[in-house]
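This report refers to the structure that appears directly beneath it.
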Amino acid sequence: MWRSGWKTRGVLRRLSGRSASLGAWRWASTTACERALLRYRVGEKIHGFTVSQVTSVPELSLTAVKLSHDSTGAQHLHLAREDRNNLFSVQFRTAPADSRGAPHVLEHTVLCGSQRYPCRDPFFKMLNRSLSTFMNAFTASDYTLYPFSTQNPKDFQNLLSVYLDAAFFPCLRELDFCQEGWRLEHEDPSDPQTPLVFKGVVFNEMKGAFTDHERIFSQHVQSRLLPDHTYSVVSGGDPLCIPDLTWEQLRQFHATHYHPSNARFFTYGNFPLEQHLKQIHEEALSKFQRIKPCTAVPAQKPWDKPREFQVTCAPDSLAAGSSEQATISVSFLLPDITDTFEAFTLNLLSSLLISGPNSPFYKALIESGLGTDFSPDVGYNGCTREAYFSVGLQGIAEKDIQTVRDLVDRTLDDIIEKGFEDDRIEALLHKIEIQMKHQSVSFGLALTSYIASCWNHDGDPVELLKLGSQVARFRKCLEENPKFLQEKVKQYFKNNQHKLTLSMKPDDKYSEKQMQLETEKLKQKVNSLSPEDKQQIYEKGLELQAQQSQPQDVSCLPALKVSDIEPRIPFTEVEVALAAGDTPVQYCTQPTNGVIYFRAFSSLNTLPEELRPYVPLFCNVLTKLGCGGLDYRELAQQVDLKTGGLAAAPHVLPDDSHLDTYEQGVLFSSFCLDRNLPDMMHLWSEIFNNPCFEEEEHFRVLVKMTAQELSNGVPDAGHLYASIRAGRTLAPAGDLQETFGGMDQVRLMKSIAEMTDIKPILRKLPRIKKHLLNCDNFRCSVNATPQQMSQVENSVDSFLRTLSRSKKERKPVPSHVVEPLEPCSEVS
């Protein structure tokens, strides 16, 4: 899987997963963390490794143990934490020198069999032999990452064996290269009279990637802003360059880059470190000697004056406004990401600049009405050696490009003069505090992704995890210099000559031109072939076809036995009680580390059919339009100051045992620090009872942003949309899922965004509220510590008593059942 400019906006989301996911508690770490702190000593030798650092990171409830392998120099970071979902990853610095896609093709090809496990696609074959909670591989701009996670110790050893062998001892067969990378093959491999065409998994994947205008724009930003070395090329491979990659070049790339001396190992969780090190050493590292990898990425030379470029893309038929599809962004080169505090500061500064309706660029750009959403890759990007910041607009008319540039410059001047409000800075620091306590179920995966780029360039990954000390230092800088952030804006934006202005406009003939270039490339390749070459291509096509259809012997792969699996799964006790008279509330005591999680579900069974397509839009704007005495800016500020986020989303719950039965509703979710529970529940009460549906201009802004986001997501999730569309005919629940989250919803939002008069849509929202935001057919759940539960019960009860309810006696909500048709009588 190729990830160009792979980033998650802001420090916080990288560690948190979904911002308001209620299933995201993890056990507060004590045993594994303390055990590691007491057990390991600097200088200690363990299975060929030497401990170089042991550091407690209390804000994340873990102990970090850094080691290096004595004979190869391989680096290892172990994060000991009382989390049963243990994770392993191995990472290689794979900075390409051209756009032939060697890192990406190699990522695919190593997964086609190895010395100990020669069967094709061992990763996929392990799915039914393992209890893994995650298995994948990623190619970023300058590194490749192979992670997996599992809760079973024996499964961890099995998967580790497969991963080590795949990474260090792959077969790298020529036919596998042809299948995964590229090949010339007849359209019909069994008929040599059909034309020769390009085929290959990576070749076709990248053709698809380059139909996505967001990816095209992001790739151009990176390559134009960092033109001196590896970031000027496409790590995933340019479809026009991939056919220049040879099998021998791929094998050489593996030999020089997939070596322990160029590797960074990462383990996380509560399994013993010693077993991991023993297995890694014996099965892989002991078979290598140290080399000096020449894979470092040199620094980008700073410019002495700004630069401008214009590029093109294909028109987007799903975007609103066919005449307003231009994109403009202004980007600035920032310092090296290995300067962890400067990176932390600039990441926070980026959030202050662009996040939410109170940010200056949201006010200046989004609310200008010139475009539909921020430009792709907006904000701080720390995935390259030197970070960069981008801001701009998409969905604009070409005539407004200069206007947007002027707005960016003017906004920066205003910030330098006026600075930021204290409440906005406090809201951001509160967000860090709550995210340090709230961690997702895939916390290990979030951590390995978070540290990957910095560690890849020899930065200190442990320092990166010390968010508490970075926050303290940040506060001290603000206290000592109230204009600390304004000076950063002046230094890195106003006075920065390494500034790129990139604009992109649609070209009706873009796709035609790309196809023409591919055709010319194909013609060039075919014309260079001798008759013997063509015969060999035909024979290889038949050989590959035969190999692909041949049954695989998977007996070589490790598998779990019944005896390896715990006979009982952990039991979670829950208590269900009635609150505010008759509303069921599920209480679950968990070690949530001072965070309280609230969820509620409201049925849609009484909602008129014609309003159902508008439920996703209702959910999207409900917490963003203001409520009670708060306008939308004040509400956003309170949400950031008092909660970890408020979310609402349509929810369809199919009955797995009865295909014709399902439950439909809206799921509300949020979490907060225990001290802020009354404030969070008060916000929900105001949203339910007094939502503001009169903000027509802001509603229009939200509609445009939603439509743009849906349109942008189609190229990357076409398979998901196809799956939803196919499922609509299989069960009644599938039809509703298409309405809520399929292409029907994309087209509906496009049509709404193009309306000149949006009032008719706005008038539908109070009608939906009438059926949804009340105590009828409503239930809640709460996760908190035992000490917090008494306060929780009182707050939830008070919230429920504020909600409206019908005078009818509450009845259990029946699931939606589709009555079967009567069988037709036979016709004689």
Side-chain angles (χ1 to χ4, degrees), residues 1-2 72 74 88-96 100-127 129-130 132 135-140 143-148 157-183 200-203 205 235-237 242 245-265 279-289 291 293 295 540 543-544 547-548 550 552-558:
M1 182 187 296
W2 178 60
T72 66
F88 164 86
S89 72
V90 60
Q91 170 184 333
F92 304 97
R93 188 158 55 203
T94 52
R100 298 176 186 180
H104 191 191
V105 176
L106 186 57
E107 176 221 313
H108 280 245
T109 313
V110 300
L111 307 183
C112 291
S114 60
Q115 290 181 13
R116 289 182 65 187
Y117 309 111
C119 67
R120 191 172 64 251
D121 200 0
F123 277 34
F124 182 76
K125 300 295 191 300
M126 283 297 292
L127 289 178
R129 307 168 72 87
S130 162
S132 67
M135 288 177 66
N136 215 328
F138 308 113
T139 300
Y143 67 85
T144 305
L145 182 72
Y146 295 87
F148 73 77
Q157 294 175 26
N158 291 347
L159 291 169
L160 180 55
S161 182
V162 172
Y163 267 64
L164 290 174
D165 211 55
F168 293 102
F169 311 106
C171 294
L172 295 184
R173 294 169 288 232
E174 186 176 9
L175 282 181
D176 293 332
F177 165 72
C178 294
Q179 171 184 278
E180 298 299 321
W182 77 275
R183 65 189 182 277
V201 175
V202 170
F203 177 81
E205 179 186 334
S235 62
I242 290 172
L245 180 68
T246 67
W247 177 43
E248 186 53 46
Q249 288 170 345
L250 186 81
R251 289 159 59 88
Q252 183 61 32
F253 193 88
H254 178 269
T256 54
H257 291 78
Y258 279 48
H259 190 281
S261 300
N262 191 45
R264 291 158 178 80
F265 293 90
Q279 189 173 352
I280 292 170
H281 173 73
E282 291 179 353
E283 295 188 13
L285 303 193
S286 62
K287 300 173 175 62
F288 292 87
Q289 293 299 317
I291 65 170
T295 58
K540 275 190 177 179
E543 186 181 356
L544 179 59
Q547 177 181 288
Q548 290 171 336
Q550 183 179 352
Q552 294 291 299
D553 179 10
V554 297
S555 61
C556 61
L557 291 171

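Values below: every heavy atom of this structure, side chains too, minus hydrogens, waters and symmetry copies.
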Side-chain heavy-atom pair [X], [Y] within 4.5 angstrom cut-off:
X: Glu248; Y: Arg251; answer: yes
X: Asp165; Y: Gln115; answer: yes
X: Asn158; Y: Arg129; answer: no
X: Phe177; Y: Trp182; answer: yes
X: Val162; Y: Pro558; answer: yes
X: Val105; Y: Phe203; answer: no
X: Phe92; Y: Thr295; answer: no
X: Tyr258; Y: Thr94; answer: yes

Check: Tyr163 ring centre within less than 6.0 Å of Phe123 ring centre:
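Yes.
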What about Tyr117 and Phe169, are their ring centers closer than 6.0 Å?
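Here the rings of Phe169 and Tyr117 have centres that are no less than 6.0 Å from each other.
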Check this for me, if you would: do Glu543 and Lys540 make a salt bridge, where the nitrogen-to-carboxylate-oxygen distance has to be below 4.0 angstrom?
no
Show the nearest heavy-atom pair for residues Ser261 and Gln289, with the distance to one decimal.
OG-O, 4.2 Å
For Phe265 and Phe88, take the angle between the two ring planes, folded into 0 to 90°, and tell me which bin it lands in: parallel under 30, tilted 30 to 60, perpendicular over 60.
tilted
List the residues meeting side chain to side chain contact (heavy atoms under 4.5 Å, CB included) with Arg120, not counting sequence neighbours, and say none if there are none.
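Arg120: side chain to side chain contact (heavy atoms under 4.5 Å, CB included) contacts with Gln179, Gln547, Gln552.
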Residues two or more places apart in sequence or in another chain: which of them pass side chain to side chain contact (heavy atoms under 4.5 Å, CB included) with Pro170?
Val110, Leu172, His254
